[in-house]
Participant: 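I have a structure here, written as structure tokens, and I will follow up with some questions on it.
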Amino acid sequence: KLQRFVDAAHVYSMYGHELDAKTHQALALKLTQTSETASAVKAAQKHSAMAVELAPTEPTSHLARGLSLVIGEDSSRRDEATVSLRAAFKIRSSMRSGKVLGVRDSTYPDEWPAELEAYARHTLGMLLVSQEEPKLEEAQEEFAKAASLAPDQEQFQQSLQGVRHALSEKEGGTDKREL
């Protein structure tokens with residue numbers, strides 16, 4: 001099915017037809033999950049950029065953008081990925097609370113699938129931990145949300161325990177940078 005999506009997107013672009021934001025979001029998310037080549041990574045990033053351009057108020061556009069920027073070999077766009085994932089969660093939260101009226105999400109109008117949100121929150125937590133100045137408290141929140149959304153995922157639990165351990169060491173005064 002994915003190959004048909006990619007082929008269709010190529011044919012549409014050859015004839016000058018525009019794809020809608022929902023299609024770009026779906027392509028970016030699928031390619032992000034399955035990319036094994038540099039060209040697939042580039043395609044995921046291209047489709048996510050188009051999704052944000054076409055639907056900048058939709059949380060799935062930003063979610064796809066953030067996730068597509070962390071795949072592949074290039075790690076230079078981690079800050080941009082962090083900003084995109086934070087924006088996705090902020091917009092979705094505003095939609096839930098009713099603070100933002102009239103904003104819709106064409107791919108996932110109500111909620112993201114739990115597995116997708118858990119993976120995205122874990123990814124954001126990893127980005128926060130790997131920053132020059134790690135944001136451990138915020139990462140702990142993201143890891144906890146990921147672990148609660150997908151309790152069967154051992155890696156989410158391990159990340160949560162790891163950041164809790166790092167926070168307790170930091171509070172205990174045995175920060176490794178001081179040693």
Participant: Would you call E141 and R121 a salt bridge, using N to O less than 4.0 angstrom?
Facilitator: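 No salt bridge links E141 with R121.
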Participant: Hydrophobic side-chain clustering at under 4.5 Å (ILVMFWY, transitive links): who's grouped with I71? Put none if nobody.
Facilitator: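 Members besides I71, by chain and number: V41.
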Participant: Would you say R92's side chain and D110's backbone share a donor-acceptor pair under 3.5 angstrom?
Facilitator: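 Pair found, side chain donor or acceptor close to backbone of D110.
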Participant: Out of curiosity, S61 OG to L54 CG, how far, rounded to the nearest 0.5 Å?
Facilitator: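 Spacing of OG (S61) from CG (L54) equals 8.0 Å.
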Participant: Side chains of T23 and D20: is there a donor and an acceptor less than 3.5 Å apart?
Facilitator: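 On atom types as modelled, these side chains qualify, holding a pair under 3.5 Å.
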Participant: Do F89 and V70 share a hydrophobic cluster, counting only Ile, Leu, Val, Met, Phe, Trp and Tyr and linking them when any side-chain heavy atoms are less than 4.5 Å apart?
Facilitator: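 Yes, F89 connects to V70 through the hydrophobic network.
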Participant: Give, for atom CZ of F143 and atom CD of Q158, the distance between the pair rounded to the nearest 0.5 Å.
Facilitator: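 Answer for the CZ-CD pair, F143 versus Q158, is 11.0 Å.
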Participant: Are Q25 and T60 close enough that a side-chain donor and a side-chain acceptor fall under 3.5 Å?
Facilitator: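 Judged by distance alone, the side chains do not pair up.
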Participant: For residues E58 and S106, report the shortest heavy-atom separation together with the two atoms involved.
Facilitator: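 Heavy atoms only, the tightest pair is OE1-OG, 2.8 Å.
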Participant: Please round to the nearest 0.5 Å and tell me the distance separating atom CZ of R164 and atom OG of S159.
Facilitator: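 Output value for this atom pair is 11.5 Å.
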Participant: Examine the side chains of H165 and Q161 and answer whether a donor and an acceptor come within less than 3.5 Å of each other.
Facilitator: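 No, because no side-chain N or O of H165 sits under 3.5 Å from a partner of the opposite role on Q161.
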Participant: Measuring from atom OG of S48 to atom CD of E53, what distance do you get when rounded to the nearest 0.5 angstrom?
Facilitator: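 So the gap between those two atoms works out to 11.5 Å.
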Participant: Between atom CG of L149 and atom CD of E111, what is the distance when rounded to the nearest 0.5 Å?
Facilitator: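 One finds 9.5 Å between CG of L149 and CD of E111.
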Participant: Between L116 and L127, is there shared hydrophobic-cluster membership here, with clusters defined by ILVMFWY side-chain heavy atoms closer than 4.5 Å?
Facilitator: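 The answer is yes; both residues are in one hydrophobic cluster.
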Participant: In terms of hydrophobic clusters joined by side-chain contacts under 4.5 Å, are L124 and V129 together?
Facilitator: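 Different hydrophobic clusters.
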Participant: Could you pull out the closest heavy-atom pair between A64 and A28, with the gap in Å?
Facilitator: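 Nearest heavy atoms, A64 then A28: CB-CB, 3.9 Å.
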Participant: Looking only at non-hydrogen atoms, find the nearest pair between A146 and F156 and report the distance.
Facilitator: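 Heavy-atom minimum between the residues: O-CD1, 3.6 Å.
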Participant: Is it the case that one hydrophobic cluster holds both W112 and L67, taking links as side-chain heavy atoms less than 4.5 Å apart, direct or via other members?
Facilitator: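 Yes; tracing contacts between hydrophobic side chains, which count when under 4.5 Å, links both residues.
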Participant: Can you name the closest pair of heavy atoms from A81 and G66 and give their distance?
Facilitator: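 In this case the closest contact between A81 and G66 is CB-O, 3.5 Å.
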Participant: Please test R65 against E80 for salt bridge (Lys or Arg N to Asp or Glu O under 4.0 Å), starting from the C-alpha separation and ending with a verdict.
Facilitator: CA-CA 9 Å; R65 185 72 180 146; E80 188 181 342; 3.3 Å; yes
Participant: Looking at every non-hydrogen atom in both residues, tell me the closest pair between R86 and E138 and how far apart they are.
Facilitator: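 Taking every non-hydrogen atom into account, NH2-OE1, 2.8 Å.
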Participant: Does a side-chain heavy-atom distance below 4.5 Å link R78 with L69?
Facilitator: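 When only atoms from C-beta onward are counted, L69 and R78 do not touch, as no gap falls below 4.5 Å.
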Participant: Taking the side chain from H62 and the backbone from P56, do they hold a donor-acceptor pair closer than 3.5 Å?
Facilitator: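 Checked: pair present.
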Participant: Measure the spacing between OG of S68 and CZ of R77 and express it to the nearest 0.5 Å.
Facilitator: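 Going from the OG atom of S68 to the CZ atom of R77 covers 7.5 Å.
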Participant: Grouping I, L, V, M, F, W and Y whenever their side-chain heavy atoms are under 4.5 Å apart, do L29 and L85 come out in a common cluster?
Facilitator: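 Yes, L29 connects to L85 through the hydrophobic network.
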Participant: Considering non-hydrogen atoms only, spot the tightest contact between Q140 and L160 and give its length.
Facilitator: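 So the minimum-distance heavy-atom pair works out to O-CD1, 3.7 Å.
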Participant: With a 4.5 Å limit on heavy-atom distance, are the side chains of E142 and M126 in contact?
Facilitator: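 Counting from C-beta outward, E142 and M126 never come under 4.5 Å.
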Participant: Would you call the rings of H24 and H47 parallel, tilted or perpendicular, taking 30° and 60° as the class edges?
Facilitator: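 H24 and H47: tilted rings.
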Participant: Taking side chain as C-beta onward, heavy atoms only, is Q153 less than 4.5 Å from H122?
Facilitator: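 A side-chain contact is absent here, since even the closest heavy-atom pair is not under 4.5 Å.
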